[in-house]
Protein chains: 2
Amino acid sequence: MAQTAERTLSPRRAELVAAAARLFSERGYHGTSMKHLADSLGMLKGSLYAHIGSKEELLYEVVDEGAERFLTRAHAASTMEGTASDRLEAFLVGHIETAIEHLDAATVFLNEWRYLSHDLRAAVQDKRDTYEGLVRGIVTDGISSGEFRADADIAMTARLVLSAGNWVYAWYRPDGSLSPTEIGHRYTESIVRGLKTERTRTPAGAGGETEVAL
Amino acid sequence: MAQTAERTLSPRRAELVAAAARLFSERGYHGTSMKHLADSLGMLKGSLYAHIGSKEELLYEVVDEGAERFLTRAHAASTMEGTASDRLEAFLVGHIETAIEHLDAATVFLNEWRYLSHDLRAAVQDKRDTYEGLVRGIVTDGISSGEFRADADIAMTARLVLSAGNWVYAWYRPDGSLSPTEIGHRYTESIVRGLKTERTRTPAGAGGETEVAL
DNA sequence: GATTCACAAACAAACGGTCGTTTGGTCACT
DNA sequence: AGTGACCAAACGACCGTTTGTTTGTGAATC
(Lines give C-alpha, C1' and ligand atoms only; values in the text may rest on other atoms or scores of the structure.)
Protein backbone atom coordinates (compact mmCIF):
# COMPACT_ATOMS: atom_id res chain seq x y z
CA MET A 1 0.00 0.00 0.00
CA ALA A 2 2.35 2.70 1.19
CA GLN A 3 5.61 2.62 -0.67
CA THR A 4 8.48 1.63 1.56
CA ALA A 5 10.98 4.38 2.23
CA GLU A 6 14.26 2.67 1.51
CA ARG A 7 16.70 3.20 4.33
CA THR A 8 19.53 5.69 4.05
CA LEU A 9 20.94 4.29 0.80
CA SER A 10 20.29 6.27 -2.38
CA PRO A 11 22.54 9.32 -2.78
CA ARG A 12 19.60 11.33 -4.03
CA ARG A 13 17.78 10.76 -0.79
CA ALA A 14 20.79 12.03 1.13
CA GLU A 15 20.68 15.22 -0.92
CA LEU A 16 17.04 15.56 0.05
CA VAL A 17 17.80 15.22 3.74
CA ALA A 18 20.62 17.73 3.48
CA ALA A 19 18.42 20.23 1.68
CA ALA A 20 15.71 19.69 4.27
CA ALA A 21 18.20 20.35 7.06
CA ARG A 22 19.16 23.66 5.50
CA LEU A 23 15.60 24.79 4.88
CA PHE A 24 14.23 23.62 8.22
CA SER A 25 17.02 25.46 10.00
CA GLU A 26 16.42 28.65 8.04
CA ARG A 27 12.64 28.76 7.94
CA GLY A 28 11.58 26.25 10.55
CA TYR A 29 9.76 22.98 9.95
CA HIS A 30 6.28 24.44 9.66
CA GLY A 31 7.63 27.41 7.73
CA THR A 32 9.07 25.13 5.05
CA SER A 33 6.72 23.68 2.46
CA MET A 34 7.36 20.70 0.29
CA LYS A 35 7.33 23.09 -2.63
CA HIS A 36 10.19 25.07 -1.08
CA LEU A 37 12.11 21.86 -0.74
CA ALA A 38 11.35 20.76 -4.28
CA ASP A 39 12.26 24.19 -5.69
CA SER A 40 15.61 24.14 -3.94
CA LEU A 41 16.35 20.86 -5.67
CA GLY A 42 14.93 21.88 -9.03
CA MET A 43 12.06 19.45 -9.08
CA LEU A 44 8.33 19.34 -8.46
CA LYS A 45 6.97 18.68 -5.02
CA GLY A 46 5.19 15.51 -6.07
CA SER A 47 8.49 14.02 -7.19
CA LEU A 48 9.85 14.14 -3.67
CA TYR A 49 7.65 11.24 -2.68
CA ALA A 50 9.64 8.84 -4.83
CA HIS A 51 12.35 9.19 -2.14
CA ILE A 52 10.57 9.82 1.12
CA GLY A 53 7.43 8.71 2.87
CA SER A 54 6.37 11.96 4.44
CA LYS A 55 7.52 15.38 5.54
CA GLU A 56 7.73 14.27 9.14
CA GLU A 57 9.94 11.35 8.23
CA LEU A 58 12.32 13.91 6.77
CA LEU A 59 12.28 15.93 9.98
CA TYR A 60 12.99 12.85 12.03
CA GLU A 61 15.89 11.91 9.84
CA VAL A 62 17.49 15.33 10.21
CA VAL A 63 16.90 15.46 13.96
CA ASP A 64 18.13 11.95 14.58
CA GLU A 65 21.19 12.48 12.46
CA GLY A 66 21.99 15.49 14.63
CA ALA A 67 21.38 13.57 17.84
CA GLU A 68 23.63 10.73 16.75
CA ARG A 69 26.46 13.07 15.92
CA PHE A 70 26.32 14.73 19.31
CA LEU A 71 26.10 11.40 21.11
CA THR A 72 29.04 9.90 19.28
CA ARG A 73 31.32 12.78 20.14
CA ALA A 74 30.06 12.89 23.71
CA HIS A 75 30.64 9.22 24.26
CA ALA A 76 34.21 9.55 23.07
CA ALA A 77 34.79 12.44 25.46
CA SER A 78 33.22 10.60 28.38
CA THR A 79 35.33 7.49 28.04
CA MET A 80 38.67 9.06 27.27
CA GLU A 81 41.67 9.04 29.59
CA GLY A 82 42.43 12.04 31.74
CA THR A 83 41.05 14.18 34.52
CA ALA A 84 37.41 15.20 34.78
CA SER A 85 38.45 18.67 33.63
CA ASP A 86 40.00 17.14 30.55
CA ARG A 87 36.87 15.18 29.80
CA LEU A 88 34.59 18.12 30.46
CA GLU A 89 36.66 20.18 28.09
CA ALA A 90 36.64 17.46 25.45
CA PHE A 91 32.90 17.20 25.84
CA LEU A 92 32.20 20.89 25.42
CA VAL A 93 34.72 21.33 22.61
CA GLY A 94 33.23 18.33 20.86
CA HIS A 95 29.74 19.67 21.33
CA ILE A 96 30.57 23.06 19.91
CA GLU A 97 32.61 21.66 17.04
CA THR A 98 29.75 19.35 16.14
CA ALA A 99 27.22 22.14 16.39
CA ILE A 100 29.22 24.38 14.10
CA GLU A 101 30.41 21.82 11.59
CA HIS A 102 26.84 20.72 11.02
CA LEU A 103 25.11 23.96 11.86
CA ASP A 104 21.94 23.17 9.95
CA ALA A 105 21.30 19.77 11.42
CA ALA A 106 22.24 21.00 14.89
CA THR A 107 19.83 23.92 14.66
CA VAL A 108 17.02 21.63 13.60
CA PHE A 109 17.92 19.15 16.31
CA LEU A 110 17.72 21.86 18.94
CA ASN A 111 14.73 23.84 17.69
CA GLU A 112 12.44 21.72 15.58
CA TRP A 113 12.50 18.36 17.27
CA ARG A 114 9.48 19.25 19.35
CA TYR A 115 7.28 19.23 16.27
CA LEU A 116 7.73 15.50 15.87
CA SER A 117 4.69 13.43 16.72
CA HIS A 118 4.58 11.64 20.04
CA ASP A 119 6.46 8.44 19.32
CA LEU A 120 9.28 9.91 17.32
CA ARG A 121 9.67 12.71 19.81
CA ALA A 122 9.98 10.22 22.63
CA ALA A 123 12.77 8.45 20.78
CA VAL A 124 14.66 11.72 20.49
CA GLN A 125 13.96 12.58 24.11
CA ASP A 126 15.68 9.37 25.16
CA LYS A 127 18.83 10.38 23.37
CA ARG A 128 18.71 13.83 24.88
CA ASP A 129 18.41 12.35 28.35
CA THR A 130 21.33 10.05 27.67
CA TYR A 131 23.34 13.01 26.49
CA GLU A 132 22.68 15.08 29.58
CA GLY A 133 23.48 12.03 31.69
CA LEU A 134 26.95 11.91 30.17
CA VAL A 135 27.73 15.48 31.25
CA ARG A 136 26.42 14.83 34.72
CA GLY A 137 28.61 11.77 34.90
CA ILE A 138 31.71 13.78 34.19
CA VAL A 139 30.81 16.42 36.75
CA THR A 140 30.04 13.75 39.34
CA ASP A 141 33.40 12.08 38.69
CA GLY A 142 35.15 15.39 39.17
CA ILE A 143 33.49 15.87 42.52
CA SER A 144 34.22 12.31 43.68
CA SER A 145 37.87 12.63 42.81
CA GLY A 146 38.12 15.92 44.69
CA GLU A 147 38.91 17.74 41.49
CA PHE A 148 35.73 19.80 41.57
CA ARG A 149 34.16 21.53 44.55
CA ALA A 150 32.09 19.20 46.69
CA ASP A 151 29.24 21.67 46.89
CA ALA A 152 28.91 22.06 43.12
CA ASP A 153 25.34 21.63 41.90
CA ILE A 154 25.57 18.76 39.44
CA ALA A 155 22.33 19.34 37.57
CA MET A 156 22.90 23.05 37.37
CA THR A 157 26.49 22.70 36.21
CA ALA A 158 25.51 20.21 33.53
CA ARG A 159 22.86 22.57 32.30
CA LEU A 160 25.27 25.47 32.25
CA VAL A 161 27.59 23.47 30.02
CA LEU A 162 24.79 22.44 27.70
CA SER A 163 23.28 25.92 27.62
CA ALA A 164 26.56 27.43 26.58
CA GLY A 165 26.95 24.90 23.80
CA ASN A 166 23.35 24.96 22.70
CA TRP A 167 23.17 28.66 22.15
CA VAL A 168 26.20 28.76 19.86
CA TYR A 169 24.04 28.16 16.81
CA ALA A 170 22.20 31.39 17.58
CA TRP A 171 25.15 33.72 17.29
CA TYR A 172 27.90 31.86 15.45
CA ARG A 173 28.68 33.09 11.96
CA PRO A 174 31.20 31.23 9.79
CA ASP A 175 33.06 34.45 9.01
CA GLY A 176 33.87 35.14 12.67
CA SER A 177 37.45 35.30 13.86
CA LEU A 178 37.35 32.34 16.24
CA SER A 179 37.47 28.71 15.25
CA PRO A 180 34.96 26.28 16.75
CA THR A 181 37.75 24.65 18.73
CA GLU A 182 38.87 27.99 20.11
CA ILE A 183 35.33 28.85 21.17
CA GLY A 184 34.98 25.54 22.92
CA HIS A 185 38.22 26.06 24.82
CA ARG A 186 37.25 29.50 26.04
CA TYR A 187 33.84 28.44 27.22
CA THR A 188 35.30 25.47 29.01
CA GLU A 189 37.91 27.57 30.72
CA SER A 190 35.32 29.97 32.09
CA ILE A 191 33.20 27.20 33.48
CA VAL A 192 35.92 24.88 34.73
CA ARG A 193 37.68 27.73 36.49
CA GLY A 194 34.67 28.17 38.69
CA LEU A 195 34.38 24.47 39.37
CA LYS A 196 37.88 23.63 40.51
CA THR A 197 38.85 23.24 44.12
CA GLU A 198 42.43 24.44 43.90
CA ARG A 199 43.69 26.93 41.44
CA THR A 200 45.30 25.54 38.35
CA ARG A 201 44.99 28.63 36.25
CA THR A 202 46.11 28.40 32.67
CA PRO A 203 47.00 31.69 31.02
CA ALA A 204 44.50 32.76 28.38
CA GLY A 205 45.29 35.04 25.45
CA ALA A 206 43.09 38.08 24.94
CA GLY A 207 40.96 37.55 21.88
CA GLY A 208 40.08 40.06 19.18
CA GLU A 209 36.80 41.91 19.27
CA THR A 210 33.90 40.38 17.44
CA GLU A 211 30.68 41.95 16.30
CA VAL A 212 27.63 42.10 18.49
CA ALA A 213 25.26 39.20 18.04
CA LEU A 214 22.98 37.88 20.71
CA MET B 1 -9.79 50.92 3.85
CA ALA B 2 -7.80 48.90 6.34
CA GLN B 3 -9.30 49.09 9.78
CA THR B 4 -6.90 50.69 12.22
CA ALA B 5 -5.66 48.38 14.94
CA GLU B 6 -6.22 50.41 18.05
CA ARG B 7 -3.11 50.46 20.21
CA THR B 8 -2.88 48.33 23.36
CA LEU B 9 -6.20 49.48 24.86
CA SER B 10 -9.12 47.05 24.74
CA PRO B 11 -8.87 44.27 27.34
CA ARG B 12 -10.13 41.76 24.82
CA ARG B 13 -7.17 42.48 22.61
CA ALA B 14 -4.84 41.81 25.51
CA GLU B 15 -6.47 38.42 25.98
CA LEU B 16 -5.84 37.75 22.32
CA VAL B 17 -2.16 38.58 22.65
CA ALA B 18 -1.84 36.42 25.74
CA ALA B 19 -3.50 33.48 24.03
CA ALA B 20 -1.25 33.99 21.02
CA ALA B 21 1.80 33.95 23.27
CA ARG B 22 0.79 30.64 24.73
CA LEU B 23 0.01 29.01 21.40
CA PHE B 24 3.03 30.40 19.59
CA SER B 25 5.28 29.14 22.35
CA GLU B 26 3.71 25.68 22.32
CA ARG B 27 3.27 25.07 18.61
CA GLY B 28 5.44 27.71 17.00
CA TYR B 29 4.27 30.66 14.93
CA HIS B 30 3.87 28.77 11.68
CA GLY B 31 2.44 25.80 13.52
CA THR B 32 -0.36 27.91 14.96
CA SER B 33 -3.33 28.75 12.75
CA MET B 34 -5.80 31.53 13.29
CA LYS B 35 -8.39 28.84 13.81
CA HIS B 36 -6.36 27.41 16.68
CA LEU B 37 -6.26 30.83 18.21
CA ALA B 38 -9.96 31.43 17.72
CA ASP B 39 -10.83 28.01 19.10
CA SER B 40 -8.79 28.62 22.23
CA LEU B 41 -10.84 31.76 22.83
CA GLY B 42 -14.14 30.17 21.88
CA MET B 43 -14.76 32.27 18.81
CA LEU B 44 -14.54 32.04 15.03
CA LYS B 45 -11.36 32.99 13.26
CA GLY B 46 -13.03 35.76 11.29
CA SER B 47 -13.95 37.47 14.52
CA LEU B 48 -10.30 37.84 15.48
CA TYR B 49 -9.86 40.53 12.88
CA ALA B 50 -12.09 42.90 14.81
CA HIS B 51 -9.15 43.20 17.23
CA ILE B 52 -6.03 42.71 15.20
CA GLY B 53 -4.74 43.62 11.79
CA SER B 54 -2.88 40.46 10.92
CA LYS B 55 -1.26 37.36 12.33
CA GLU B 56 2.17 38.90 12.04
CA GLU B 57 1.08 41.95 13.99
CA LEU B 58 0.18 39.55 16.77
CA LEU B 59 3.60 37.93 16.63
CA TYR B 60 5.32 41.28 16.78
CA GLU B 61 3.27 42.31 19.77
CA VAL B 62 4.23 39.19 21.69
CA VAL B 63 7.89 39.42 20.75
CA ASP B 64 8.17 43.11 21.49
CA GLU B 65 6.42 42.72 24.79
CA GLY B 66 9.02 40.10 25.68
CA ALA B 67 11.89 42.29 24.55
CA GLU B 68 10.66 45.23 26.57
CA ARG B 69 10.38 43.19 29.72
CA PHE B 70 13.93 41.93 29.40
CA LEU B 71 15.25 45.39 28.63
CA THR B 72 13.52 47.03 31.56
CA ARG B 73 14.94 44.58 34.05
CA ALA B 74 18.37 44.73 32.45
CA HIS B 75 18.49 48.48 32.55
CA ALA B 76 17.65 48.47 36.23
CA ALA B 77 20.45 45.98 36.90
CA SER B 78 22.96 47.94 34.84
CA THR B 79 22.41 51.22 36.60
CA MET B 80 22.15 50.00 40.17
CA GLU B 81 24.68 50.67 42.88
CA GLY B 82 27.28 48.06 43.77
CA THR B 83 30.18 46.10 42.36
CA ALA B 84 30.24 44.66 38.86
CA SER B 85 29.65 41.25 40.40
CA ASP B 86 26.53 42.59 42.07
CA ARG B 87 25.27 44.04 38.83
CA LEU B 88 26.10 40.93 36.83
CA GLU B 89 24.21 38.89 39.36
CA ALA B 90 21.25 41.26 39.31
CA PHE B 91 21.27 41.08 35.53
CA LEU B 92 21.26 37.32 35.31
CA VAL B 93 18.76 36.86 38.13
CA GLY B 94 16.51 39.43 36.49
CA HIS B 95 16.87 37.73 33.15
CA ILE B 96 15.96 34.32 34.49
CA GLU B 97 13.12 35.61 36.63
CA THR B 98 11.68 37.44 33.64
CA ALA B 99 12.07 34.39 31.44
CA ILE B 100 10.26 32.16 33.89
CA GLU B 101 7.56 34.55 35.03
CA HIS B 102 6.55 35.12 31.43
CA LEU B 103 7.65 31.81 30.00
CA ASP B 104 5.36 31.97 26.98
CA ALA B 105 6.35 35.42 25.81
CA ALA B 106 10.01 34.72 26.53
CA THR B 107 9.94 31.52 24.51
CA VAL B 108 8.35 33.31 21.58
CA PHE B 109 10.79 36.18 21.92
CA LEU B 110 13.73 33.79 21.74
CA ASN B 111 12.48 31.32 19.14
CA GLU B 112 9.93 32.90 16.86
CA TRP B 113 11.18 36.45 16.36
CA ARG B 114 13.07 35.41 13.27
CA TYR B 115 9.83 34.80 11.43
CA LEU B 116 9.00 38.49 11.50
CA SER B 117 9.31 40.26 8.18
CA HIS B 118 12.34 42.39 7.51
CA ASP B 119 11.40 45.70 9.11
CA LEU B 120 9.85 44.34 12.27
CA ARG B 121 12.71 41.92 12.69
CA ALA B 122 15.20 44.75 12.43
CA ALA B 123 13.41 46.62 15.20
CA VAL B 124 13.69 43.59 17.45
CA GLN B 125 17.32 43.07 16.48
CA ASP B 126 18.10 46.57 17.70
CA LYS B 127 16.74 45.75 21.11
CA ARG B 128 18.66 42.49 21.23
CA ASP B 129 21.88 44.33 20.41
CA THR B 130 21.17 46.89 23.11
CA TYR B 131 20.54 44.08 25.53
CA GLU B 132 23.80 42.32 24.79
CA GLY B 133 25.57 45.68 25.03
CA LEU B 134 24.36 46.03 28.60
CA VAL B 135 25.95 42.75 29.67
CA ARG B 136 29.18 43.64 27.97
CA GLY B 137 29.17 46.95 29.76
CA ILE B 138 28.98 45.27 33.12
CA VAL B 139 31.78 42.85 32.27
CA THR B 140 33.91 45.69 30.94
CA ASP B 141 33.37 47.67 34.12
CA GLY B 142 34.42 44.68 36.19
CA ILE B 143 37.63 44.40 34.26
CA SER B 144 38.40 48.12 34.46
CA SER B 145 37.91 48.15 38.20
CA GLY B 146 40.19 45.15 38.62
CA GLU B 147 37.33 43.10 39.94
CA PHE B 148 37.38 40.69 37.02
CA ARG B 149 40.39 39.11 35.38
CA ALA B 150 42.05 41.40 32.86
CA ASP B 151 42.32 38.65 30.29
CA ALA B 152 38.61 37.78 30.39
CA ASP B 153 37.05 37.63 26.94
CA ILE B 154 34.28 40.20 27.08
CA ALA B 155 32.21 39.00 24.15
CA MET B 156 32.55 35.39 25.17
CA THR B 157 31.66 36.06 28.78
CA ALA B 158 28.61 38.06 27.79
CA ARG B 159 27.48 35.25 25.58
CA LEU B 160 28.01 32.70 28.30
CA VAL B 161 25.74 34.71 30.57
CA LEU B 162 23.07 35.11 27.92
CA SER B 163 23.31 31.48 26.83
CA ALA B 164 22.75 30.29 30.38
CA GLY B 165 19.72 32.51 30.72
CA ASN B 166 18.33 31.87 27.28
CA TRP B 167 18.24 28.14 27.60
CA VAL B 168 16.25 28.16 30.82
CA TYR B 169 12.99 28.12 28.92
CA ALA B 170 13.99 24.80 27.40
CA TRP B 171 14.27 22.85 30.62
CA TYR B 172 12.44 24.81 33.30
CA ARG B 173 9.20 23.30 34.56
CA PRO B 174 7.05 25.19 37.06
CA ASP B 175 6.86 22.16 39.33
CA GLY B 176 10.62 22.00 39.85
CA SER B 177 12.11 22.42 43.28
CA LEU B 178 14.09 25.61 42.64
CA SER B 179 12.67 29.09 42.43
CA PRO B 180 13.62 31.34 39.52
CA THR B 181 15.61 33.52 41.89
CA GLU B 182 17.50 30.54 43.25
CA ILE B 183 18.34 29.36 39.74
CA GLY B 184 19.63 32.79 38.84
CA HIS B 185 21.84 32.90 41.90
CA ARG B 186 23.40 29.54 41.23
CA TYR B 187 24.15 30.29 37.62
CA THR B 188 25.67 33.61 38.53
CA GLU B 189 27.84 32.07 41.19
CA SER B 190 29.28 29.54 38.77
CA ILE B 191 30.11 32.15 36.22
CA VAL B 192 31.29 34.93 38.49
CA ARG B 193 33.54 32.55 40.40
CA GLY B 194 35.50 31.98 37.23
CA LEU B 195 35.68 35.66 36.48
CA LYS B 196 37.01 37.05 39.71
CA THR B 197 40.61 37.97 40.24
CA GLU B 198 40.92 37.19 43.94
CA ARG B 199 38.95 34.55 45.69
CA THR B 200 35.84 35.74 47.47
CA ARG B 201 34.14 32.42 47.74
CA THR B 202 30.67 32.37 49.19
CA PRO B 203 29.50 29.05 50.56
CA ALA B 204 26.83 27.41 48.46
CA GLY B 205 24.28 24.90 49.71
CA ALA B 206 23.98 21.57 47.95
CA GLY B 207 20.71 21.49 46.04
CA GLY B 208 18.28 18.59 45.79
CA GLU B 209 18.28 16.37 42.76
CA THR B 210 16.02 17.32 39.90
CA GLU B 211 14.85 15.23 37.01
CA VAL B 212 16.79 14.97 33.81
CA ALA B 213 15.77 17.50 31.19
CA LEU B 214 18.05 18.83 28.51
C1' DG C 1 12.85 -5.55 -19.74
C1' DA C 2 12.83 -4.18 -15.17
C1' DT C 3 13.90 -0.41 -12.28
C1' DT C 4 14.59 4.65 -11.27
C1' DC C 5 13.06 8.91 -11.22
C1' DA C 6 10.71 12.84 -12.36
C1' DC C 7 6.61 14.87 -14.47
C1' DA C 8 1.85 16.60 -14.60
C1' DA C 9 -2.43 16.73 -12.89
C1' DA C 10 -5.36 16.20 -9.37
C1' DC C 11 -7.02 15.75 -4.49
C1' DA C 12 -9.34 17.25 -0.09
C1' DA C 13 -8.14 19.94 3.53
C1' DA C 14 -6.41 23.87 5.61
C1' DC C 15 -4.41 28.39 5.19
C1' DG C 16 -4.79 33.79 6.22
C1' DG C 17 -7.94 37.12 5.35
C1' DT C 18 -12.46 39.80 3.84
C1' DC C 19 -17.10 41.27 4.32
C1' DG C 20 -22.00 41.97 4.93
C1' DT C 21 -24.93 40.79 8.62
C1' DT C 22 -26.58 39.97 13.22
C1' DT C 23 -26.17 40.40 18.01
C1' DG C 24 -26.41 42.43 22.80
C1' DG C 25 -25.91 46.32 25.27
C1' DT C 26 -25.74 51.31 26.27
C1' DC C 27 -26.93 55.69 25.37
C1' DA C 28 -30.05 60.12 24.82
C1' DC C 29 -34.42 61.66 24.13
C1' DT C 30 -39.38 61.65 24.61
C1' DA D 1 -41.02 53.27 30.75
C1' DG D 2 -40.58 53.14 25.89
C1' DT D 3 -38.09 54.12 21.59
C1' DG D 4 -34.72 54.50 18.19
C1' DA D 5 -29.82 55.54 17.22
C1' DC D 6 -25.49 54.01 17.84
C1' DC D 7 -21.64 50.77 18.58
C1' DA D 8 -18.28 47.29 19.44
C1' DA D 9 -18.02 42.44 18.86
C1' DA D 10 -18.95 38.17 17.06
C1' DC D 11 -20.97 35.44 13.31
C1' DG D 12 -20.82 32.67 9.11
C1' DA D 13 -20.13 32.23 4.51
C1' DC D 14 -16.80 33.00 1.23
C1' DC D 15 -12.31 34.46 -1.28
C1' DG D 16 -8.08 32.78 -3.62
C1' DT D 17 -4.08 30.31 -2.45
C1' DT D 18 -1.30 26.85 -0.50
C1' DT D 19 -0.85 22.74 2.13
C1' DG D 20 0.89 17.56 2.11
C1' DT D 21 0.03 13.71 -0.48
C1' DT D 22 -1.52 10.39 -4.31
C1' DT D 23 -1.60 8.58 -8.82
C1' DG D 24 -0.88 7.41 -13.76
C1' DT D 25 2.43 8.12 -17.31
C1' DG D 26 6.63 8.32 -19.77
C1' DA D 27 11.70 8.88 -20.53
C1' DA D 28 16.09 7.36 -19.28
C1' DT D 29 19.32 3.98 -17.21
C1' DC D 30 21.11 -0.51 -16.06
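Here the structure is a predicted model, which is why all the values come from computation and not from measurement. By convention in this document, chain letters (A, B, ...) are assigned in the order of the sequence lines, proteins followed by strands, and residues within each chain are numbered from 1.
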Given salt bridge (charged side-chain N to carboxylate O under 4.0 Å, His left out), test B:Asp153 with A:Arg186 step by step and report yes or no. CA-CA 8 Å; B:Asp153 184 327; A:Arg186 297 202 187 189; 2.3 Å; yes
Would you please confirm or rule out a distance under 4.0 Å between OP1 or OP2 of D:dA10 and any side-chain N or O of B:His51? yes
Can you tell me which nucleotide in C:dC7, D:dT21, C:dG16 comes closest to the side chain of A:Ser47? C:dC7
Starting from C1' on D:dG20, measure out to OH on A:Tyr115 and report it in whole angstrom. 18 Å
Where does the angle between the aromatic ring planes of B:Trp167 and A:Trp167 fall among parallel (under 30°), tilted (30 to 60°) and perpendicular (over 60°)? perpendicular
Whole-Å distance separating the NE2 atom of B:His36 from the P atom of C:dG16: 9 Å
Does B:Ser33 place a side-chain N or O at less than 4.0 Å from the phosphate oxygens OP1/OP2 of C:dA14? no
Selection from D:dA10, C:dC5, D:dT19 that lies nearest to any side-chain heavy atom of B:Arg12: D:dA10
Nucleotide D:dT22, atom C1' - distance to CE of A:Met34 in whole Å: 13 Å
Testing D:dT19, D:dC11, C:dC7 for proximity to the side chain of B:Met43, the answer is D:dC11
Interatomic distance, B:Leu16 CG vs D:dA9 C1' [rounded to whole Å]: 12 Å
Spacing of A:Leu59 atom CG relative to D:dG20 atom P, expressed in whole Å: 12 Å
For the pair A:His95 and A:Tyr131, name the ring-plane relationship: parallel under 30°, tilted 30 to 60°, perpendicular over 60°. tilted
In whole Å, what is the span from the CG atom of A:Leu44 to the P atom of D:dG20? 15 Å
Atom-to-atom span, NZ of A:Lys45 to C1' of D:dT22 - whole angstrom: 11 Å
Is the count of non-hydrogen atoms from other residues, nucleotides or ligands lying under 6.0 Å from A:His75 atom NE2 greater than 12? no
To the nearest angstrom, how far is A:Ile52 atom CD1 from D:dG20 atom P? 10 Å
Run the salt-bridge test on A:Arg13 and A:Glu61 with the 4.0 Å N-O cut-off and return the result as yes or no. yes
Out of C:dG16, D:dT19, D:dA10, whichever nucleotide has its closest atom nearest the side chain of B:Tyr49: C:dG16
